[in-house]
Amino acid sequence: MTHCAPRTGPSLLLRLRRCGLAFLVAGVMPLHAAPPGELEAKIKAAYVFHIIRFVEWPNLPADALHLCVAGSDGVTLLLGDLAGKQIKDRALKVDNDGSFDPSQCQVLYLGRPDRRWPELQARLRGQAVLTVSDQDGFARGGGIVGLYPEGGKIKLEINPDAARSANLRISAKLLELARTVP
């Protein structure tokens, strides 16, 4: 039986491993001797991929899970490499050309340089779309999952109210590892 560590103590990575989320980069993307910015982008892309596993949607398409990507930073480019990987017994379809209808996505990742969040947020109101970004204050600003740096590590913050409004259920294991925001 896996025991999840409390919020204090070991790093997020160690706690993720203890909770059965031992995923970080290991089976998703090789790390080589990457420069710090590239390494951070790989870690964030791995987080996005594995966060999806701990979210439940009310209705998923039978054939594929649709990840829409907006922006053009290192993370958004790496997410394109995940196309075709299996997740939730479906192929991951990645749309990163910007021509997607956000209401047809199950996951929407907004890269840092993308400034369309207010417009997309209004269009997604009431839709079952998991929104994820590393933009500053994303979860506090109505997004569901924010990735943020702290102490040289990438951490998660989750907005449970935004998840409920989108009719999404986030695993208690993931919620335990994240900072929750109003």
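Here the straight-line distance linking atom CG of Leu78 with atom CG of Asn96 works out to 11.0 Å at 0.5 Å rounding. Separating the CD atom in Gln86 from the CG atom in Leu92 is a distance of 9.0 Å, to the nearest 0.5 Å. Here Leu156 contributes atom CG and Leu177 contributes atom CG; the two are 7.5 Å apart, rounded to the nearest 0.5 Å. With rounding to the nearest 0.5 Å, the separation of CG in Leu120 from CZ in Arg115 is 13.5 Å. Here the CZ-CG distance, from Arg169 to Leu174, works out to 13.0 Å after rounding to the nearest 0.5 Å. In this structure, the separation between CG on Leu67 and CG on Asp95 is 9.0 Å, given to the nearest 0.5 Å.
Proximity of a side-chain donor or acceptor of His66 to a complementary backbone N or O of Val94 within less than 3.5 Å is not detected. Under a 3.5 Å cut-off, the side chain of Asn159 and the backbone N or O of Ile144 do not form any donor-acceptor pair. Listed for the Lys42 side chain is no donor-acceptor partner under 3.5 Å among the backbone atoms of Val75.
For the pair Ile51 and Val48, the minimum side-chain heavy-atom distance is 4.5 Å or more. Contact check for Arg179 versus Glu150: side-chain heavy atoms found under the 4.5 Å cut-off. A 4.5 Å side-chain heavy-atom check between Leu168 and Pro58 finds at least one atom pair inside the cut-off. When side chains are defined from C-beta on, Leu60 counts as touching Leu65, because their heavy atoms get closer than 4.5 Å. Within the 4.5 Å cutoff, the side chain of Thr131 has heavy atoms near those of the Leu124 side chain. Between Glu176 and Ser171 the shortest side-chain heavy-atom distance does not fall below 4.5 Å. When side chains are defined from C-beta on, Ile170 does not count as touching Phe54, because their heavy atoms never get closer than 4.5 Å.
Shortest non-hydrogen contact noted between Arg116 and Ala70 is NH2-CB, 3.0 Å. Between Gln127 and Ser103, the shortest heavy-atom contact is OE1-CB, 3.7 Å. Closest heavy-atom contact between Ala162 and Gly143: CB-O, 3.7 Å. The two atoms that bring Gln121 and Gly141 nearest to each other are NE2-O, 3.1 Å, heavy atoms only. In this structure, Ala139 and Gly146 approach most closely via the heavy-atom pair CB-N, 4.1 Å. In terms of heavy-atom proximity, Cys105 sits nearest to Val129 at O-CG2, 3.1 Å.
No salt bridge links Lys93 with Asp63; every basic N to acidic carboxylate O contact stays at or beyond 4.0 Å.
Judged as a ring-ring contact (aromatic ring centres under 6.0 Å, His included), and not counting sequence neighbours, the contacts of Phe138 are Trp117. Listed by chain and number, the residues in a side-chain contact (heavy atoms from CB on, under 4.5 Å) with Pro182 are Arg140 (sequence neighbours excluded).
By the 6.0 Å contact criterion, CG on Asp89 is open, its count of non-hydrogen atoms from other residues, nucleotides or ligands being 12 or less.
Side-chain heavy atoms closer than 4.5 Å link hydrophobic residues (I, L, V, M, F, W, Y) into clusters, and following such links, possibly through other members, connects Ile52 to Tyr109. Linking ILVMFWY side-chain heavy atoms closer than 4.5 Å, directly or via other members, places Ile154 and Leu79 in a single hydrophobic cluster. Under a hydrophobic clustering in which Ile, Leu, Val, Met, Phe, Trp and Tyr are joined whenever their side-chain heavy atoms come within less than 4.5 Å, directly or via other members, Ile158 and Leu108 fall into different clusters. Both Val69 and Ile87 sit in one connected hydrophobic cluster of ILVMFWY residues. Membership requires side-chain heavy atoms under 4.5 Å apart, directly or through other members.
The side-chain hydrogen bond (donor to acceptor under 3.5 Å, both in side chains) contacts involving residues 52-61 comprise His50-Arg53, where partners must be two or more places apart or lie in separate chains. Listed by first then second residue, pairs satisfying ring-ring contact (aromatic ring centres under 6.0 Å, His included) with a partner in residues 139-168 number zero, not counting sequence neighbours. Residue pairs meeting the ring-ring contact (aromatic ring centres under 6.0 Å, His included) criterion with at least one member in residues 68-107: none, sequence neighbours excluded. Listed by first and then second residue, the salt bridge (Lys or Arg N to Asp or Glu O under 4.0 Å) pairs that reach into residues 127-139 are Lys44-Asp134, Arg112-Asp134, Arg112-Asp136, sequence neighbours excluded.
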Any chance you could lay out the side chain to side chain contact (heavy atoms under 4.5 Å, CB included) test for Gln135 and Leu110, step after step, and finish with the verdict?
CA-CA 8 Å; Gln135 294 179 7; Leu110 273 72; 3.8 Å; yes

